[in-house]
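What follows is a short report on a single structure.
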Number of protein chains: 2
Amino acid sequence: MVTPMTDVSPRTATAAGPDASDAAAPTAPARRVRRPRASTLARREEILRSAMRVFGSKGYHQGSLADVAEQVGITHAGVLHHFGSKDRLLTEVLKFRDEADVEHLEGQHIPGGLDLFRHLVRTAEINSARPGIVQAYTVLTGESVTDGHPASAWVTERFSVLRAEIAEALHEVIADRKQSGDLDADLEISDEAVDRAASSIIGVMDGLQIQWLLDPEAVDLAGATAFSIEAILASTFAGERRPRPLA
Amino acid sequence: MVTPMTDVSPRTATAAGPDASDAAAPTAPARRVRRPRASTLARREEILRSAMRVFGSKGYHQGSLADVAEQVGITHAGVLHHFGSKDRLLTEVLKFRDEADVEHLEGQHIPGGLDLFRHLVRTAEINSARPGIVQAYTVLTGESVTDGHPASAWVTERFSVLRAEIAEALHEVIADRKQSGDLDADLEISDEAVDRAASSIIGVMDGLQIQWLLDPEAVDLAGATAFSIEAILASTFAGERRPRPLA
DNA sequence: TTTCTCTTACTAACGAGTAAGTAATGGTGC
DNA sequence: GCACCATTACTTACTCGTTAGTAAGAGAAA
């Protein structure tokens, strides 16, 4: 049995683990540091990629371990050997995605200020050529609002971080513009207004993705994203003086 | 057995139905018009409401017929007696929702022009007091982008209609404003721009709902919705002269 | 008496997780 | 450089729970 699920960090206190044995092994001399081999890591990455595809196209609940395993050419028990449980596999997929994102941005500074918003628009442009990824993200996000979903904490955290990053970038831009005189230095732009804008930008991106996935002909993902972000930025910069067509 | 699943319209050619029998009934004299009793209709409505709750909180795939049945105090076979299959139940739920929506707006004219946008904002305000409904809508919408989901056609159609309604209202407002002089009569606002705005408004509403469901403290659903819609409207009305902070 | 609603009881399929065994691999002692 | 052995990476074969759907009959209603 054994079922490693190597948490990189050796000897984690995974109480739930099926092997409570060997805890009191009589002679534990050289504390073997069991580092995973390269081929194992490669295999796991294969499985993670497969899981991303499966959960992306069918959702977490509907996608089975057998589906994931099939794409790698093993059985579902083989997948469990590496990841222990389906929930665990999901969290590993999410962690993997995060790490891949970070790696992708490696070297090139994480954009701040106006560049962050350009980066978001650029992301939408890139995304409109890869519906698979977008679907994975959208399905998982939608599913995560169901009661007790294993990904809801991750998604919530992700949104929280994103909102904070966007809000910070907005504050930066506002400060810059006030200094350069592009913006009236006396203009009051409240934190609440900035937070509203941040939520709205994320929201419009996600919402457009849903529509675009269902009907790519009918929705210009990149165009609408760019337009909305600019609209939201413009209104935010206008502060209390922004036009209020509904008032 | 029999399993009626009365499609209101009697004698629909539901080929898929489990009873292909009685098709060539030898003596069919008085063509009994089998209208469902009131108590039956009431029961079905109970089931539909229960299904809305279940599919809303757990999703379609994860919500079981037993869950639906339990809330009505019958067994899952009882539900199948009325609706034949789970897929059928879902489509009936969606149809029911549509009818309920229409009924709700009955009498009061369907808002057009700027009133439509006020109505959308008002809806967001109302929604922020009923997370259950919002969750149902969000879960179903998210799930519908998975491959072969039974609700994807319905959701796609719904988005399509919504976009068209919003685009029409926008065109109205633009025409009005040009006539009243609020808008330069020479200003060009392309159909594409209007469509982009329509998609964006729907998108921001849906996207904000997801964030709000996951973290109601962190997101001001009504406020952000109102802000975004005004921002999008303002940018649309500005046409080619709109500010382009990212350019 | 016929129709309708609903139950009980079942089937067949599927899915996650467990147990145990097997073949390969690679490090260790020599 | 080789034999040995522990570990790893699986597989097969299950268990157990869950689920949609079916069949047939019971009781009530019209």
Side-chain angles (χ1 to χ4, degrees), chain A residues 1-6 10 16-22 25 27-44 46-47 51 54-55 58-70 72-90 150, chain B residues 1-6 10 16-22 25 29-44 46-47 51 54-55 58-70 72-90 150:
Chain A
M1 45 123 157
V2 183
T3 50
M5 318 176 266
T6 349
D19 52 336
S21 64
D22 94 330
T27 52
R31 274 282 180 243
R32 198 167 287 286
V33 195
R34 60 160 100 180
R35 58 185 158 76
R37 334 176 180 165
S39 69
T40 303
L41 290 180
R43 183 58 121 192
R44 289 197 188 162
E46 261 188 278
I47 296 173
V54 170
F55 295 160
K58 301 198 178 189
Y60 173 71
H61 285 302
Q62 199 57 13
S64 71
L65 290 178
D67 291 333
V68 174
E70 196 190 16
V72 190
I74 61 176
T75 64
H76 90 277
V79 173
L80 286 174
H81 164 72
H82 285 290
F83 293 98
S85 78
K86 196 187 179 190
D87 271 32
R88 198 106 154 192
L89 174 60
L90 175 61
Chain B
M1 45 120 158
V2 182
T3 53
M5 319 175 267
T6 348
D19 51 337
S21 64
D22 94 330
R31 272 283 179 240
R32 196 169 287 284
V33 195
R34 61 161 98 178
R35 58 183 159 76
R37 319 173 194 171
S39 68
T40 303
L41 290 181
R43 183 58 122 193
R44 289 197 187 162
E46 262 187 279
I47 296 173
V54 170
F55 294 161
K58 300 196 175 191
Y60 171 72
H61 285 302
Q62 198 59 10
S64 71
L65 290 178
D67 290 334
V68 174
E70 196 190 16
V72 190
I74 61 176
T75 63
H76 91 278
V79 172
L80 286 173
H81 164 72
H82 285 289
F83 293 98
S85 79
K86 196 186 178 189
D87 271 32
R88 198 103 152 196
L89 174 60
L90 175 61

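Just so we're on the same page: letters track the sequence lines, and every chain starts at 1. Below, all heavy atoms of this structure are taken into account, side chains as well, without hydrogens, waters or symmetry copies. Just so it is clear, the structure is predicted and the values come from calculations on it, not from any experiment.
The salt bridge (Lys or Arg N to Asp or Glu O under 4.0 Å) contacts involving residues 59-70 of chain A comprise A/Lys58-A/Asp67, where partners must be two or more places apart or lie in separate chains.
The phosphate of D/dC10 has neither OP1 nor OP2 within less than 4.0 Å of any side-chain N or O from A/His81. In terms of phosphate contacts, B/Thr75 brings no side-chain nitrogen or oxygen within less than 4.0 Å of OP1 or OP2 of C/dC6. Side-chain nitrogen and oxygen atoms of B/Thr40 include at least one within less than 4.0 Å of the OP1 or OP2 phosphate oxygen of C/dT5.
Listed here is the closest heavy atom pair of B/Leu90 and B/Pro150: CD2-CG, 3.8 Å.
Rounded to an integer number of Å, the gap from CZ of A/Arg43 to C1' of D/dC10 is 9 Å. D/dG21 atom C1' lies 14 Å from atom CG of B/Leu89, rounded to whole Å. The NE2 atom of B/His82 sits 9 Å away from the P atom of C/dT7 (whole-angstrom rounding). Separating the CD1 atom of A/Ile47 from the C1' atom of D/dC10 is a distance of 10 Å, rounded to the nearest angstrom.
Here the CD atom belonging to B/Gln62 is positioned 4.0 Å from the NE2 atom belonging to A/His61, to the nearest 0.5 angstrom. To the nearest 0.5 angstrom, A/Ile74 atom CD1 is 4.0 Å from A/Ile47 atom CD1.
Side chains of B/His76 and B/Leu80 form a contact here, defined as non-hydrogen atoms less than 4.5 Å apart.
Distances were taken from every side-chain heavy atom of B/Ile74 (C-beta onward) to each of C/dC6, C/dC4, C/dT18; the shortest belongs to C/dC6.
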Any N/O pairs under 3.5 Å between the protein and nucleotides 14-20 of chain D? List them or say none.
unit_1: D/dA20; atom_1: OP1; unit_2: B/Lys86; atom_2: NZ; d: 2.9
unit_1: D/dA20; atom_1: OP2; unit_2: B/Leu65; atom_2: N; d: 3.1

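For A/Tyr60, the ring pair (Phe, Tyr, Trp, His ring centres under 6.0 Å) partners at least two apart in sequence or on another chain are A/Phe55, A/His149.
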